[in-house]
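Okay, handing you the structure first.
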Amino acid sequence: MCPNQNADSLPSERSEMVQVPLDGSAPVNANGKRGTSVKVHGFQGYVHTQERSNPYAPRPSDFLSNISNFNIIESTLREGEQFANAFFDTKTKIAIAKALDAFGVEYIELTSPAASEQSRLDCEAICKLGLKAKILTHIRCHMDDARIAVATGVDGVDVVIGTSSFLREFSHGKDMAYITKTAIEVIDFVKSKNIEVRFSSEDSFRSDLVDLLSIYQTVDKVGVHRVGIADTVGCANPRQVYDLIRTLRGVVGCDIEVHLHNDTGMAIANAYTALEAGATHIDTSVLGIGERVGITPLGGLIACLYAANPEYVKNKYNLPMLREIENLVAEAVEVNIPFMNPITGYCAFTHKAGIHAKAILNNPSTYEILKPEDFGLTRYVSIGHRLTGWNAVKSRAEQLTLDMTDDEIKDATAKIKELADVRTQSMDDVDSLLRIYHSGIQSGELAVGQKEALDRLLRRHREEAHLSQSA
Ligand SMILES: CC(=O)SCCNC(=O)CCNC(=O)[C@H](O)C(C)(C)COP(=O)(O)OP(=O)(O)OC[C@H]1O[C@@H](n2cnc3c(N)ncnc32)[C@H](O)[C@@H]1OP(=O)(O)O
Ligand SMILES: O=C(O)CCC(=O)C(=O)O
Ligand SMILES: [Zn+2]
């Protein structure tokens, strides 16, 4: 289990972690340190101060940037259903839709009602939930699909058709003239029902630029609400995304959505760049699930945009819900949350090396761009290993209310390192070493630097513990 998953009860195998205090307002204190001295669960330390200038914040020169003005089209219940492991029954779809709505996503995209009878019924059922999020469904550029879609009660229809030569030749076999004519017909029809309509070109980055811009211009003129760019095969890099969106921004007046696959691991960076270039809507799925390795993950995108403008993202979304939504979806599709997942990964807020630990204990902003408490999570400092340092050990001794001088702490740290050179020490190991060291000092059996005396003491305590266990 991840330390972030249960802040209060640490699992034993992670018990070398120390809880570090939560956030709060933070004036400069009497020692000239930034931050407020706080005591949380017996631990004395410093909380975050006001952020210094944020290097990720949009620059005034980014006049097109929507980094702080975007919408999420959450497609776990459409793209996510295309993930190899996914099967969502009606109850699970409803649970996911409600959770995403409570989180605050602006749109929820559902599988085409043309896919199967149950897909159609589920679409109708979710439309009837009365969620705040707008409900979209995703269809082929075809009047038959459009008729079924508008009858479900959705707030909008996302229409897609491949425009690359690959898809024109090997998927639907239609040329640009046919695509344009059908697109206009479908858009007019959906608009006549007074709901939103989006037109998207599948495989945009392998499509001819002139074809793309001319069809987008045409659908913009007939009043489509959004156009969509799709990196269907995950081939685009951030510069290509920036260039295409920036060019499109100059050609259409409507909103611009982007849908980015993650085949080369670029999906979050590409989404960020798309917003910088003027895109307005980003498609996501929880944990990024979708065809192959999926698309821009909701949590990763949130991490990235929070880093750019924490207040905007905090006000817009219920961030502490992220972990619950990811757990819900992970369970539904039978996968684990990856250890390196932004925000909710096992180690996302765990600090280990002594140099990091010291600075984090003084001010968490030194090594954290995301504040765990904003996501309902807790940070940890790992102590019982060979990379530890005396500052981290001192903080633990203070937490245990053991009064020790710096020299004594350094002495005990050297012993922890010696033991950790053989195997990582649990928090219980570290605690008992500190307690034995402290009582040895108190009783006069030990002084700083008396390595053999400390070894003797530790051996004696181990034997006593062994005897009391076997008695
Ligand atoms: C990149 C993406 O992820 S796009 C979204 C993908 N989503 C889905 O595929 C939804 C689930 N799909 C399904 O349930 C089925 O594929 C259906 C119901 C849509 C179609 O099923 P079938 O009629 O059996 O056709 P099949 O799936 O074999 O082939 C797709 C058909 O749609 C046509 N087609 C493919 N893309 C499009 C498009 N964007 N617009 C219009 N027609 C299209 C193909 O030419 C083919 O038509 P054909 O029957 O004349 O050969
Ligand atoms: O409708 C879209 O914009 C994207 C469709 C899709 O899933 C893709 O192209 O990968
Ligand atoms: Zn996709």
Side-chain angles (χ1 to χ4, degrees), residues 72-84 86-88 107 109-120 122-123 136-149 156-164 166-176 178-187 196-207 212 215-216 219 224-236 241 244-245 248 254-263 266-267 270-271 274 279-285 288-297:
I72 290 178
I73 298 185
E74 226 302 323
S75 189
T76 301
L77 295 176
R78 195 282 290 177
E79 177 75 48
E81 210 183 0
Q82 296 173 225
F83 173 52
F87 169 77
F88 300 134
Y107 292 86
E109 187 181 59
L110 306 178
T111 290
S112 171
S116 71
E117 179 57 7
Q118 192 59 51
S119 302
R120 191 183 67 77
D122 291 345
C123 187
L136 305 171
T137 190
H138 187 258
I139 61 162
R140 292 173 297 179
C141 187
H142 197 289
M143 281 301 290
D144 291 350
D145 285 13
R147 283 192 198 92
I148 303 172
V157 178
D158 285 346
V159 181
V160 69
I161 188 157
T163 46
S164 67
F166 285 114
L167 296 182
R168 281 195 275 132
E169 186 175 351
F170 299 109
S171 174
H172 52 70
K174 305 293 191 294
D175 61 17
M176 287 308 296
Y178 176 92
I179 293 172
T180 308
K181 181 176 141 301
T182 316
I184 294 171
E185 192 184 1
V186 170
I187 290 165
E196 280 185 26
V197 58
R198 181 221 67 180
F199 175 82
S200 182
S201 65
E202 199 185 333
D203 206 7
S204 315
F205 288 89
R206 296 191 302 174
S207 301
L212 272 189
I215 194 160
Y216 287 133
V219 296
V224 81
H225 293 86
R226 285 188 308 286
V227 288
I229 290 285
D231 182 15
T232 305
V233 295
C235 63
V241 171
L244 182 54
I245 302 290
L248 182 60
C254 62
D255 284 341
I256 300 176
E257 174 180 340
V258 279
H259 178 94
L260 300 154
H261 275 264
N262 202 28
D263 297 70
M266 294 279 198
N270 282 345
T280 53
H281 294 64
I282 304 288
D283 290 8
T284 66
S285 67
I289 59 171
E291 288 280 349
R292 308 181 306 281
V293 295
I295 62 167
T296 310

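Each ligand, and each atom within it, is numbered from 1 in the order the structure gives.
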At what distance is the nearest protein heavy atom to atom 3 (O) of ligand 2, and which residue and atom is it?
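The protein heavy atom lying closest is Ser200 OG, 2.6 Å.
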
Atom NE2 in His138, atom CG in Asp158: separation rounded to 0.5 Å?
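These two atoms lie 6.0 Å from each other.
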
Rounding to 10°, state the angle centred on the Zn ion (ligand 3) that links NE2 in His259 with OE1 in Glu79.
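About 90°, to the nearest ten degrees.
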
So, taking the atom named CG in Leu244 and the one named CD1 in Ile256, what distance separates them when rounded to the nearest 0.5 Å?
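The CG atom of Leu244 sits 8.5 Å away from the CD1 atom of Ile256.
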
Polar contact flag, side-chain donor to acceptor under 3.5 angstrom, Tyr107-Glu257:
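No donor-acceptor contact under 3.5 Å links the two side chains.
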
With a cut-off of 4.0 Å, which atoms of ligand 2 are near a heavy atom of Glu202?
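Near Glu202, meaning under 4.0 Å from one of its heavy atoms, ligand 2 has 9 (O).
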
In Å and rounded to the nearest 0.5 Å, what is the CD1 to CD distance from Ile72 to Glu109?
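Rounded to the nearest 0.5 Å, the CD1-CD separation comes out at 13.5 Å.
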
Among protein heavy atoms, which sits nearest to atom 6 (C) of ligand 2, and what does the distance come to when rounded to 0.1 Å?
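Heavy-atom neighbour on the protein nearest atom 6 (C) of ligand 2: His259 NE2, 3.3 Å.
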
Using heavy-atom distances, let me know which of Glu79, Gln82, His261, Arg140 sits nearest atom 7 (O) of ligand 2.
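Selected option, by shortest heavy-atom distance: Glu79.
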
Should the proximity of Val160 to ligand 2, defined as any heavy atom under 4.0 Å, be assigned to the side chain, the backbone, both, or neither?
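The answer is the side chain of Val160.
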
Give me the nearest non-hydrogen protein atom to atom 9 (O) of ligand 2 as residue plus atom name, then the distance to 0.1 Å.
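Closest protein heavy atom to atom 9 (O) of ligand 2: Thr232 OG1, 2.6 Å.
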
Test log, rule side chain to side chain contact (heavy atoms under 4.5 Å, CB included), inputs Phe205 and Val233:
CA-CA 9 Å; Phe205 288 89; Val233 295; over 6 Å; no

With the threshold set at under 4.0 angstrom, would you say Arg78 reaches ligand 2 through any of its heavy atoms?
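The answer is yes: ligand 2 sits under 4.0 Å from a heavy atom of Arg78.
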
Which atom pair, heavy atoms only, marks the closest approach of Leu136 to Val157?
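That would be CD2-N, 4.4 Å.
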
Who's touching ligand 1 if we go heavy atoms under 4.0 Å?
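Correct list: Arg78, Gln82, Ala114, Ala115, His138, Arg140, Cys141, Val160, Ile161, Ser171, His172, Glu202, Thr232.
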
Straight-line distance of Ser285 OG to Ile295 CD1, nearest 0.5 Å:
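Nearest 0.5 Å value for the OG-CD1 distance: 4.0 Å.
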
For Ala267, does its backbone N or O pair with a side-chain atom of Asn262 as donor and acceptor, under 3.5 Å?
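It does hold such a pair.
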
Under 4.0 Å, heavy atoms only, figure out whether ligand 2 is touched by the backbone of His138, its side chain, both or neither.
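Contact part for His138 vs ligand 2: side chain (C-beta onward).
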
Donor-acceptor pair, His172 side chain versus Gly162 backbone, under 3.5 Å?
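Such a contact is found between His172 side chain and Gly162 backbone.
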
Is the closest side-chain donor-acceptor distance between Gln118 and Ser116 under 3.5 Å?
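No pair is found: no donor N or O on one side chain lies under 3.5 Å from an acceptor on the other.
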
Would you check whether Arg198 reaches within less than 4.0 Å of ligand 2, judged by its heavy atoms?
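Contact check Arg198 vs ligand 2: positive.
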
Kindly compute the distance separating CD1 (Ile73) from CZ (Arg78), expressed to the nearest 0.5 Å.
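It comes to 10.5 Å.
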
Under 4.0 angstrom from ligand 2, any heavy atom of Ala230?
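The answer is yes: ligand 2 sits under 4.0 Å from a heavy atom of Ala230.
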
